[in-house]
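Only one structure is covered here, and it is reproduced in the block below.
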Amino acid sequence: MGGVLSAELIWQAPTSGGPVDTYELYKYTSTLPTPNHLISLPATTFGFTDNAGLDRCDITYYILGAKNAGGETRTLPITAEFSGCGTGEVDAYGNNMASALIFADGIGISEEVITGEWTENNISLVDYNTGLRPVIEENASELPYFDVNTTYVLDGVTYYKQKTISTWQGEWIDGSTSLVEHNVTAKWGDNLISQTLTTESVVRIEMVLTKALDTNMTAYNMVSLYGEKDMEIYGTDGNTTSVDTAFVFTAYASLKIERLDALGGTPVDGGLVDEQALFDGGPDGPGQFAAEINVAGNLVYGYVWDLPTNNIPAGAYRITFTLNNPSNVIIGDVGVPTEGDPSTFPVLDSPIQTHIDITIH
């Protein structure tokens, strides 16, 4: 395995400014340069060990704020760097799949053909073609593996953190042998409806596909431990539960973004912004349509749309998710909010397509 990546942060109480109520710790990296709140700590705490979401090939920055009723005073950023990038060690630990998952076409999230079956606790039977953790580069010797150095106690319960050497895997099945297509509910990310998007926004587009199960599957309990946005960390207490809904992955999906003449209108000439099929071959990162396991341990399709970098003008836009032949999935329903402007609600166009219209201000 690549070992535990850890940053030990130690500080002293300020000598001016009045008594401290809490210490507020912020974190960002050279690849995610916007500081996000990591954790609040009591005034009697003078240290924190960060060992989740670190990367040998990235520089991590921390800012500490001393907060009381009069406001918050922050330090200048301090850095944490790790040796060994690209030398064969694990550069960074990803997220573990905690939920139940169906590989509808018998193809994993790394585009490899699945050849085995799920195992809860036999590391020798792990099918690395799923693309799930533990990946082969980790050289894991146990499954699940819960490292005592990656724990966090919340409300008296000990949890093992995502994005660390600890690894576990919710139940998955190869759904390619199903005699009928997997009928799913498609749900767009809530931020596309709930947030006001401007030409300065970096928009995270997400889609999840879920299916009600005839036979329950096994998933791990997951809880949000601390952190916000890109710095949020979930963990598991190591216990499993029986679930009646599974996430669904199909390798034959695509995403299209186009400009409209008006919200709910029609695409304008030359208005195509981007169109990609999964596994089109581009590198991971902004502007690349991909499937991944998020920090909550769920399978999501994602695309980061950087509006200012791409000079996207204000206006109405349509985002379309399509299932392509020979996908073994059909969309039977879309998740729709219980309140809000119906003109912004997702639309089910057909059993293989759904779209959502948004406004960029």
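Count residues from 1 along the sequence. Keep in mind the model is a prediction, meaning the values are calculated, not measured.
- For the pair Pro134 and Asn139, the minimum side-chain heavy-atom distance is 4.5 Å or more.
- Looking at heavy atoms from C-beta onward, Leu25 lies in side-chain contact with Leu9 at the 4.5 angstrom threshold.
- Residues forming a side chain to side chain donor-acceptor pair (under 3.5 Å) with Trp168 (at least two apart in sequence, or on another chain): none.
- The CD1 atom of Ile39 sits 9.5 Å away from the CD atom of Glu24 when rounded to the nearest 0.5 Å.
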Identify every side-chain donor-acceptor pair in residues 195-203 under 3.5 Å, counting partners at least two apart or on other chains, and give the distances.
residue, atom, partner, partner atom, Å
Thr198, OG1, Glu200, N, 3.1
Ser201, OG, Thr198, N, 2.9
Ser201, OG, Thr198, O, 3.2

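- Criterion: ILVMFWY side-chain heavy atoms under 4.5 Å apart, direct or through other members. Under it, Leu125 and Tyr145 are not part of a common hydrophobic cluster.
- Here Tyr160 and Phe146 bring their ring centres to under 6.0 angstrom of each other.
- From Thr167, atom OG1 reaches atom CD of Gln162 across 8.5 Å, with rounding to the nearest 0.5 Å.
- By the 6.0 Å and 45° rule, Arg74 stacks over the aromatic ring of Tyr26.
- Atom CG of Leu5 is separated from atom CG of Asn149 by 12.0 Å, given to the nearest 0.5 angstrom.
- Within the 4.5 Å cutoff, the side chain of Val223 has heavy atoms near those of the Leu154 side chain.
- Applying the ring-ring contact (aromatic ring centres under 6.0 Å, His included) definition to pairs two or more places apart or across chains, those involving residues 94-113 are Phe103-Trp172.
- Criterion: ILVMFWY side-chain heavy atoms under 4.5 Å apart, direct or through other members. Under it, Ile136 and Ile123 are part of a common hydrophobic cluster.
- Rounding to the nearest 0.5 Å places CD of Glu138 at 8.5 Å from OH of Tyr128.
- With hydrogens and angles ignored, the 3.5 Å screen pairs no side-chain donor or acceptor of Asn221 with any backbone N or O of Asp237.
- Partners of Tyr62 under the ring-ring contact (aromatic ring centres under 6.0 Å, His included) rule, at least two apart in sequence or in another chain, do not exist in this structure.
- Side-chain N or O atoms of Glu171 include one that pairs as donor or acceptor with a backbone N or O of Thr218 at under 3.5 Å.
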The test is side-chain contact (heavy atoms from CB on, under 4.5 Å); show your working for Glu275 and Leu255 and say whether it passes. CA-CA 6 Å; Glu275 185 171 17; Leu255 188 80; over 6 Å; no

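- At distances below 3.5 Å, not a single donor-acceptor pair connects side-chain atoms of Asp91 with backbone N or O atoms of Arg56.
- Residues satisfying the ring-ring contact (aromatic ring centres under 6.0 Å, His included) test with Phe82, not counting sequence neighbours, are none.
- Judged by distance alone, the side chains of Gln169 and Asn96 never bring a donor and an acceptor atom under 3.5 Å apart.
- Of the residues Tyr234, Tyr93, Tyr152, the one that meets the side-chain contact (heavy atoms from CB on, under 4.5 Å) test with Lys161 is Tyr152.
- Side-chain N or O atoms of Asp127 include one that pairs as donor or acceptor with a backbone N or O of Thr115 at under 3.5 Å.
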Please tabulate, for side-chain N and O atoms in residues 308-323, each donor-acceptor pair with protein atoms closer than 3.5 Å (sequence neighbours left out).
residue, atom, partner, partner atom, Å
Thr309, OG1, Asp306, OD1, 3.0
Thr309, OG1, Asp306, OD2, 2.9
Asn310, ND2, Asp306, O, 2.8
Tyr317, OH, Pro313, O, 2.7
Arg318, NE, Asp357, OD1, 2.7
Arg318, NH2, Gly265, O, 3.0
Arg318, NH2, Asp357, OD2, 3.0
Thr322, OG1, Gln353, OE1, 3.1

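- Every side chain to side chain donor-acceptor pair (under 3.5 Å) that Thr31 has, sequence neighbours left out, goes to Thr29, Asp58.
- Residues Asp349 and Val347 form a side-chain contact, since some pair of their non-hydrogen atoms from C-beta on lies under 4.5 Å apart.
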Asn51 vs Ser6, test: side-chain hydrogen bond (donor to acceptor under 3.5 Å, both in side chains). Steps then yes/no.
CA-CA 4 Å; Asn51 55 14; Ser6 179; 5.1 Å; no

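- By the criterion of side-chain heavy atoms lying less than 4.5 angstrom apart, applied directly or through intervening Ile, Leu, Val, Met, Phe, Trp or Tyr residues, Met222 is not grouped with Val208; the two fall into different hydrophobic clusters.
- Under the 4.5 Å side-chain criterion, counting only non-hydrogen atoms from C-beta, Ile114 is in contact with Thr130.
- Two residues are said to be in side-chain contact when any heavy atoms from C-beta on lie closer than 4.5 Å; Tyr226 and Ser40 fail this criterion.
- Neither Ile205 nor Val304 shares a network with the other; the hydrophobic side chains, linked directly or stepwise wherever heavy atoms of I, L, V, M, F, W or Y lie under 4.5 Å apart, form separate groups for each.
- Considering only heavy atoms from C-beta on, Met231 comes within 4.5 Å of Leu38 through its side chain.
- Contact detail for Asp105 and Ala251: the closest heavy-atom pair is OD2-N, 2.9 Å.
- Atom NE2 of His182 is separated from atom CD1 of Ile330 by 10.5 Å, given to the nearest 0.5 angstrom.
- One side chain, Thr150 or Ser166, offers a donor N or O that lies under 3.5 Å from an acceptor on the other.
- Identified under the ring-ring contact (aromatic ring centres under 6.0 Å, His included) test for residues 330-361, with sequence neighbours left out: none.
- Proximity of Asn325 to Tyr252: side-chain heavy atoms (C-beta onward) are nowhere separated by under 4.5 Å.
- Of the inter-residue distances, the one linking Leu32 atom CG with Thr60 atom OG1 reads 9.5 Å to the nearest 0.5 angstrom.
- In this view, Lys27 and Asp50 satisfy the side chain to side chain donor-acceptor pair (under 3.5 Å) rule, not counting sequence neighbours.
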Atom pairs and distances, side-chain donor-acceptor, residues 290-303, under 3.5 Å, sequence neighbours left out:
residue, atom, partner, partner atom, Å
Glu292, OE2, Arg204, NH2, 2.6
Asn294, OD1, Ala296, N, 3.1
Asn294, OD1, Gly297, N, 3.1
Asn294, OD1, Asn298, N, 2.9
Asn298, OD1, Ser99, OG, 2.4
Tyr301, OH, Thr250, N, 2.9
Tyr301, OH, Thr250, O, 2.6
Tyr303, OH, Asp274, OD2, 2.6

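- By the rule that hydrophobic residues join a cluster once side-chain heavy atoms approach within less than 4.5 Å of another member, Leu260 and Val273 end up as members of separate clusters.
- Among all heavy-atom pairs drawn from Tyr23 and Pro14, the shortest one is OH-CD, 3.5 Å.
- Partners of Asn324 under the side chain to side chain donor-acceptor pair (under 3.5 Å) rule, at least two apart in sequence or in another chain, are Ser254.
- Evaluation of the disulfide (SG to SG under 2.5 Å) test over residues 6-67, restricted to residues two or more places apart or in two chains, returns Cys57-Cys85.
- When all heavy atoms of Arg133 and Ile165 are compared, the pair lying nearest together is NH2-O, 3.5 Å.
- The main-chain N or O of Leu143 is never found under 3.5 Å from a side-chain atom of Asn121 such that the two would form a donor-acceptor pair.
- In this structure, Gln276 contributes its side chain and Phe289 its backbone to a donor-acceptor pair below 3.5 Å.
- Under the 3.5 Å distance criterion, the side-chain polar atoms of Thr45 are left unmatched by any main-chain donor or acceptor of Leu41.
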